[in-house]
Amino acid sequence: MESPEHKTLILQSALFFSLFLLSVLHVPAQNLPPERVDGFVYKNTPVDSDTIIIEAFYDPVCPDSRDSWPPLKQALRYYGSSAWLVVHLFPLPYHDNAFVASRALHIVNSLDDSATFPLLEHFFKYQGKFYNAQTRNLSRAHVVSEIVKFTTDVVGNSYYSAVKSGFNDTKTDLKTRVSFKYGASRGVYGTPFFYVNGFLLADAGSAIGFRQWKNIIDPLIRAQGL
Ligand SMILES: *[C@@H]1O[C@H](CO)[C@@H](O)[C@H](O)[C@H]1NC(C)=O
Ligand SMILES: *[C@@H]1O[C@H](CO)[C@@H](O)[C@H](O)[C@H]1NC(C)=O
């Protein structure tokens with residue numbers, strides 16, 4: 001049987017070990033839920049109980065996410081204020097530069113939120129630069145500095161140092177983690193994933209064409225009128 005002294009010793013060692021781990025790992029504070037809901041709202045139009053709510057989970061360096069964006073944009077134009085979109089970033093772990101690209105979007109969104117979607121489109125257009133094979137021999141620091149330059153192509157050179165120091169700010173890392181955690185908590189495991197009025201659409205992980213969007217949304221709007 002263990003003596004009380006022995007137990008105290010075990011407890012003290014456990015406490016010491018935990019403190020040691022904390023000091024070694026430097027775990028940054030990660031408060032969940034976050035202070036603001038995750039996601040980038042596409043057009044800040046009013047939402048009411050009839051608004052069709054679309055949530056898109058995108059990886060900026062994913063080809064299927066890229067391919068799904070033009071038809072979704074077309075659908076949003078078509079439905080006007082009847083549909084509302086929020087984009088969540090979901091950097092896939094097997095896309096080496098997805099987290100850095102997503103972080104650039106969070107940095108830009110906090111500097112000038114009118115540049116968020118233009119930067120997302122810029123990533124979609126030139127994402128090939130940041131694919132795994134194309135960056136295999138590059139250091140992480142090199143890729144970050146390329147992405148800083150790439151980002152200022154959209155937001156302008158005057159933001160160069162702000163974007164650069166954004167990558168040195170733990171807060172932007174945490175925001176990007178929150179995006180990932182939010183997607184994971186919703187059951188997202190690939191991109192693009194679309195939720196309509198809170199429910200996951202079939203064919204998750206593939207692009208949806210404009211006609212498919214119409215086939216999904218038209219019946220919902222018709223049913224609201226019944
Ligand atoms: C990476 O380095 C290897 C070995 O030097 C070379 O064969 C390959 O072509 C390089 N890849 C790229 C994308 O530069
Ligand atoms: C990043 O921040 C650290 C300290 O917070 C500082 O020493 C370092 O110079 C910064 N690096 C850049 C590139 O801004």
Side-chain angles (χ1 to χ4, degrees), residues 24-26 28 38-40 42 56-74 87-184 187-194 203-209:
V24 170
L25 296 175
H26 289 297
D38 182 72
F40 307 132
Y42 181 56
F57 289 82
Y58 276 162
D59 173 339
V61 292
C62 155
D64 293 320
S65 296
R66 172 198 65 200
D67 294 345
S68 76
W69 176 235
L72 175 53
K73 236 170 99 166
Q74 192 185 348
V87 167
H88 299 283
L89 299 174
F90 192 70
L92 292 167
Y94 40 87
H95 290 159
D96 294 342
N97 304 309
F99 194 88
V100 175
S102 299
R103 192 170 173 183
L105 284 157
H106 275 292
I107 292 168
V108 160
N109 188 64
S110 61
L111 293 173
D112 172 8
D113 62 8
S114 71
T116 311
F117 280 89
L119 181 59
L120 180 65
E121 292 184 339
H122 199 54
F123 272 116
F124 282 160
K125 190 163 180 195
Y126 300 107
Q127 60 179 206
K129 266 170 76 97
F130 303 111
Y131 288 165
N132 295 1
Q134 279 73 0
T135 55
R136 181 153 294 139
N137 296 335
L138 306 177
S139 72
R140 184 174 173 79
H142 184 86
V143 171
V144 170
S145 81
E146 285 295 308
I147 284 188
V148 169
K149 278 187 256 163
F150 183 84
T151 299
T152 58
D153 290 346
V154 174
V155 294
N157 275 328
S158 58
Y159 279 110
Y160 179 80
S161 55
V163 173
K164 190 169 178 226
S165 62
F167 274 101
N168 202 22
D169 179 352
T170 332
K171 270 190 267 166
T172 67
D173 173 76
L174 290 178
K175 275 187 186 166
T176 317
R177 292 186 196 199
V178 165
S179 294
F180 168 77
K181 284 164 197 270
Y182 182 66
V188 175
Y189 54 84
T191 55
F193 263 44
F194 299 106
D203 294 329
S206 3
I208 293 179

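Each ligand, and each atom within it, is numbered from 1 in the order the structure gives.
- Counting only heavy atoms from C-beta outward, the side chains of V87 and Y42 never approach each other to under 4.5 Å.
- No hydrogens or angles considered: a donor-acceptor pair under 3.5 Å links the side chains of N109 and T116.
- Of all atoms in ligand 1, listed by their number and element, those nearer than 4.0 Å to a heavy atom of A133 are 13 (C).
- Using cut-offs of 30° and 60° on the angle between ring planes, the pair F117 and W69 is parallel.
- For atom 8 (C) of ligand 1, the nearest non-hydrogen atom of the protein is N137 ND2, 3.8 Å.
- Less than 4.0 angstrom separates atom 14 (O) of ligand 1 from at least one non-hydrogen atom of the protein.
- Looking only at side-chain heavy atoms (C-beta outward), P60 and S65 stay at 4.5 Å or farther from each other.
- Per-atom contact check: atom 10 (C) of ligand 1 touches the protein, criterion being a heavy-atom distance below 4.0 Å.
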